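Numbering starts at 1 and runs along the sequence shown. Note that ligands are numbered from 1 as they come in the structure, with each ligand's atoms numbered from 1 the same way. Predicted, not measured: the structure shown is a model, and the values here were computed from it.
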Amino acid sequence: MNKKVFITRKIGEVAEKMLRENNFDVNIWPKDRAMSQREIIKNLKKENYDAVLSLLTDKIDAKIFDASPATKIFANYAAGYDNIDIAEAKKRNIIITNTPGVSGIAVAEHTFALMLALTTRLVEGDTFMRRGKYRGWAPMNFVGTDFAGKTIGLVGVGNIGSQVARMAHNGFGAKIIYTDVHPNREVEEKYGAKKCDNLETLLREADIVSLHVPLLDSTHHLINETRLQMMKPTAFLINTSRGPVIDEKALVRALQNKIIRGAALDVFEFEPALSPSLAKLPNVILTPHIASARESVRAEMVRLSAQSIIDFFAGKTPANKVN
Ligand code: GLV
């Protein structure tokens, strides 16, 4: 009998094609929006699904595992897997996979776009033009901040942080400092990055702080009110990792009170909701969790997640197993 796979949102025909060619029966949630947990449970209860291809917007925990006892593998279409209760999955011998290593350059490029947009005040200028306010060149119109000569503080230098280091060093000759649970000799040797003894030192020294850590208990609210106070009043904060790494309400207060100069966020603590007043601040740039949104990256994420399911049922250990 064919194995059954449930895909929690349309992610392109390739996943379905790959799975059908390998004799899986595939059902896909037809609506173009994230499923609520209740909807996932209701749908999983309809069939004995052997596998689920899930998205980062799906909360996968004991309730889901209880509703779908036949499911052996959840292939998460994302590099991050903080949406899944990994410990609970492990307890039940359920395999979890992700799609790592394919979005590093895209996310690093987006990080750079945000850094430069902040220092050049590009979005403020664009808004001004669209509102018909431009009355001609003026010496003090949207005066920005130099990027050259700045110190970039990378919190986390895994796949994405290392790419940011490469671009910062090769493209801008920036000074790079970093923190990470493991020293990264490659970024040190190739890009002159210096490891800080602790996060506090990095926050005090960096002109631009960019976050590249996974969301874990230890990184939840890593950037809180106290740590924001440690940053330079001229510093910028960039987050393309996961929203809850920053205490967003504390960030709003810090931006309102000019504790730091500005921030650019691609991810949000209460996604898709924004903290009150965040979108009203002129010194913040917001993008809708699109740092990895490139055709090539999405195609590879589809391929990797479908392949994990195919490999697992062919008796192989999926290459991107996380538990
Ligand atoms: C995107 O945020 C991902 O984790 O792939």
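From the protein, the heavy atom lying nearest to atom 5 (O) of ligand 1 is Ala79 N, 2.8 Å.
Every atom of ligand 1 is numbered from 1 in the order shown, and the set under 4.0 Å from a heavy atom of Gly80 is 3 (C), 4 (O). Within ligand 1, the atoms closer than 4.0 Å to a non-hydrogen atom of Leu56 are 1 (C), 2 (O), 3 (C), numbered from 1 in the order shown. Within ligand 1, counting atoms from 1 as listed, the ones closer than 4.0 Å to a heavy atom of Arg242 are 1 (C), 2 (O), 3 (C), 4 (O). Atoms of ligand 1 lying under 4.0 Å from at least one heavy atom of His289, given by number and element, are 1 (C), 2 (O).
Counting heavy atoms under 4.0 Å from ligand 1, residue Thr99 does not touch it at all.
Aromatic pair Phe65/Phe74: ring centres closer than 6.0 Å.
Side-chain contact check for Gln256 and Arg253: no donor-acceptor pair (N or O, by modelled atom type) lies under 3.5 Å.
The N/O atoms of Ala78, backbone and side chain alike, include none that comes under 3.5 Å of an N/O atom in ligand 1.
Using a 4.5 Å cut-off between side-chain heavy atoms of Ile, Leu, Val, Met, Phe, Trp and Tyr, with links allowed through other members, Ile41 and Phe6 fall into the same hydrophobic cluster. Under the 4.5 Å side-chain heavy-atom criterion for ILVMFWY residues, no single connected hydrophobic cluster contains both Val209 and Ile285.
In this view, Phe24 and Phe313 satisfy the ring pair (Phe, Tyr, Trp, His ring centres under 6.0 Å) rule, not counting sequence neighbours. Remark: Ala254 engages Leu228, Ile259 in a side-chain contact (heavy atoms from CB on, under 4.5 Å) (not counting sequence neighbours).
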